[in-house]
Amino acid sequence: MSGERRHHSSRRRKKRILSRSTRAELQFPVSRVDRLLREGSNAHRMSWCTPIFFTGILEYLTANILDLAGKEAHDHHKVLITPEHVERAVDNSPLSYIFDDDIHPQVDGMPSPGK
């Protein structure tokens with residue numbers, strides 16, 4: 001039995017590696033959001049908690065939109081949420097300004113830049 005060690009007390013339990021999403025109790029992947037944010041131009045100005053916070057915001061907005069879409073589907077006596085329900089929920093919610101394409105509306109008296 002030379003070479004065998006039987007020191008049970010020296011064995012350490014391996015610490016289970018937890019993802020940042022698990023530690024933050026989020027469903028969305030923090031590491032993926034971190035990678036996508038760092039691909040941008042302002043990565044050198046980003047702190048370690050920015051992707052966690054941003055992932056939480058994305059998850060919160062998604063949960064609210066899906067909740068509104070579920071209510072919209074329920075109002076139309078449907079069990080499944082369809083893209084039409086999501087679209088109606090976003091259009092009828094206070095969050096609709098986030099998805100507007102026309103951010104800078106034209107004033108009637110102002111000329112357009114191309115003319």
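Arg32 is linked by a side chain to side chain donor-acceptor pair (under 3.5 Å) to nothing, counting only residues two or more places apart in sequence or in another chain. Listed by chain and residue number, nothing satisfies the side chain to side chain donor-acceptor pair (under 3.5 Å) test with Gln27 (two or more places apart in sequence, or in another chain). The side-chain contact (heavy atoms from CB on, under 4.5 Å) search around Thr22 returns Leu18, Ser19, not counting sequence neighbours. For Ile17, there are no side-chain contact (heavy atoms from CB on, under 4.5 Å) partners at least two apart in sequence or on another chain. By the side chain to side chain donor-acceptor pair (under 3.5 Å) test, Thr82 is found to be paired with Glu84, His85, residues two or more places apart in sequence or in another chain being considered. Under the rule for a side chain to side chain donor-acceptor pair (under 3.5 Å), the partners of Ser47 that lie at least two apart in sequence or sit in another chain are Thr50.
Taken from CZ in Arg16 to CZ in Arg13, the straight-line distance is 13.0 Å, to the nearest 0.5 Å. Expressed to the nearest 0.5 Å, how far CG of Asn64 lies from OG of Ser93 amounts to 9.0 Å. Here CG of Asn92 is found 10.0 Å from CD of Glu87. Values are rounded to the nearest 0.5 Å. Atom NZ of Lys78 is separated from atom CD of Glu72 by 12.5 Å, given to the nearest 0.5 angstrom.
By the criterion of side-chain heavy atoms lying less than 4.5 angstrom apart, applied directly or through intervening Ile, Leu, Val, Met, Phe, Trp or Tyr residues, Leu68 is not grouped with Val79; the two fall into different hydrophobic clusters. Hydrophobic cluster membership is shared by Val90 and Leu61, with clusters built from Ile, Leu, Val, Met, Phe, Trp and Tyr side chains linked at under 4.5 angstrom.
Atom CD of Glu25 sits in a sparse spot, with 12 or fewer heavy atoms from other residues, nucleotides or ligands closer than 6.0 Å. Atom NE2 of His77 has 12 or fewer heavy atoms from other residues, nucleotides or ligands within 6.0 Å. Taking a 6.0 Å sphere around CZ of Arg45, one finds it holds 12 or fewer heavy atoms contributed by other residues, nucleotides or ligands.
A salt bridge (charged side-chain N to carboxylate O under 4.0 Å, His left out) check over residues 49-69, counting only residues at least two apart or in different chains, returns the pairs Asp67-Lys71.
Cluster note: Leu26 groups with Val30, Trp48, Ile52 through ILVMFWY side-chain heavy atoms spaced under 4.5 Å, whether in direct contact or through intervening members. Cluster partners of Val33, using a side-chain heavy-atom cutoff of under 4.5 Å among ILVMFWY residues and allowing indirect links, are Phe28, Leu37, Met46, Phe54, Leu58. Residue Leu36 belongs to no hydrophobic cluster, having no ILVMFWY side-chain heavy atom closer than 4.5 Å to its own.
For the residue pair Pro29 and Ser21, the shortest heavy atom distance occurs at CA-OG, 3.4 Å.
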